[in-house]
Amino acid sequence: MMKRFLMVVVSLGVAACATAAPIETAKVDPDAVQVMVIGSFHMGNPGQDVANAEIESMLTEVRQAEIAAVAEALAAFNPTVVAVERITDAPDYVDPKYQAFTPEMLTQNADERYQIAYRLANMQGVARVYGIDEQPSDDEPDYFPFGELMAHAEETGQAEALQGQIGDIQNLMADFSATQKDNSVADLLLMFNSGGELSSPEFYYRTFFYDRGETQPGAELQAYWFMRNAKIFSKLVQVTKPGDRVVIVYGAGHKFWLDHFAKQTPGYMLVDPAPYLEKAAVK
């Protein structure tokens, strides 16, 4: 199974937020599908990335209150659909984990899908919760062929340069881990959703420099990563309809391309989550 790179996602208020004031937005086509992508750190510490942050417990009373504030702020967007990073069955892509969700699980499971996505859906009475993730079948190539890139770098005398690039990301994750004690969950999420280093696709673009002639593992890694995200968004297109308001909760490494597809796909429009997260941070 593929390693995911910068999807460093940290992951009780479940009462309806009927009085939440909407964020000021420009007028939009009422038939457009509005898509808000929340790029998250992995709150449950799954350790599946090339560089991982050490995330403190999201189940403490303080963190639960902070996450509740995030959900309350996102509720002002009035979502009709919530989508998460989970493999589900075609063609409906309904998330069976949400079907079994109860609010009591928020004190037991730190995963961001529960803490942000399911909490928000439950709060707003959203019945349409989908798992839209994409992974290769057994006979398909890895969508993140990082091992091939590392082997090529070793063979061509570039291993030290690649390890240095990995080290840069590991240092970035270590810095993020160290900031937790001084920041709320909304503040931490803003670091991944405000166009800064933590949401930059630079790592992927830098892999071009390792290619030699027709041996191009850097280009192939980027192409497969693009394809995975394109297939993820394709699934979203299949389950949405005109006028939907979608909140996607996904590993932060996916945000760049999911934002791109929401912005460029006809009939869809991208909604910036930062104003909502800022409201939660102030609260």
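Note that the numbering runs from 1 along the sequence shown for the chain. The structure displayed is predicted, hence computed values, not measured ones.
Ring planes of His254 and Tyr250: perpendicular class, angle over 60° (limits at 30 and 60°).
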Give the intermediate values and the outcome of side chain to side chain contact (heavy atoms under 4.5 Å, CB included) for residues Leu258 and Asn229.
CA-CA 7 Å; Leu258 295 180; Asn229 285 284; 4.2 Å; yes
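Under the 4.0 Å criterion applied to side-chain N and carboxylate O atoms, Arg63 and Glu56 are assigned as salt-bridge partners. A salt bridge is absent between Asp95 and Arg113: the closest approach of a Lys/Arg side-chain nitrogen to an acidic carboxylate oxygen does not fall below 4.0 angstrom. Ionic pairing of Glu85 and Arg228 is present here: one or more N-O contacts between side-chain nitrogen and carboxylate oxygen are shorter than 4.0 angstrom.
Between the Glu66 side chain and the Val185 main chain, a donor and an acceptor come within less than 3.5 Å of each other.
Here CG of Leu189 is found 8.5 Å from OG of Ser184. Values are rounded to the nearest 0.5 Å. To the nearest 0.5 Å, the span separating CZ on Phe261 from CZ on Phe256 amounts to 10.0 Å. With rounding to the nearest 0.5 angstrom, the CD atom of Gln124 is 13.0 Å from the CZ atom of Arg119. With rounding to the nearest 0.5 Å, the separation of CG in Asp111 from CZ in Arg86 is 6.5 Å. Atom OG1 of Thr265 sits about 7.5 Å away from atom NE2 of His260, to the nearest 0.5 Å. Interatomic distance, Met150 CE to Gln158 CD, rounded to the nearest 0.5 Å: 13.0 Å.
Between Phe101 and Tyr118, the distance separating the two ring centers is shorter than 6.0 angstrom. Separation of the Phe233 and Tyr268 ring centroids falls under the 6.0 Å cut-off. Between Phe226 and Tyr204, the gap from one ring centroid to the other reaches at least 6.0 Å. Note: Trp225 and Phe144 meet the aromatic proximity criterion, with ring centroids under 6.0 Å apart.
A heavy-atom distance below 4.5 Å is not found between the side chains of Arg212 and Glu155. Between Met36 and Leu74, the closest side-chain pair of non-hydrogen atoms falls below 4.5 Å. In this structure the side chain of Pro273 never reaches within 4.5 angstrom of the side chain of Val37, judged on heavy atoms. Using a 4.5 Å heavy-atom cutoff, the side chains of Met269 and Lys263 are not in contact.
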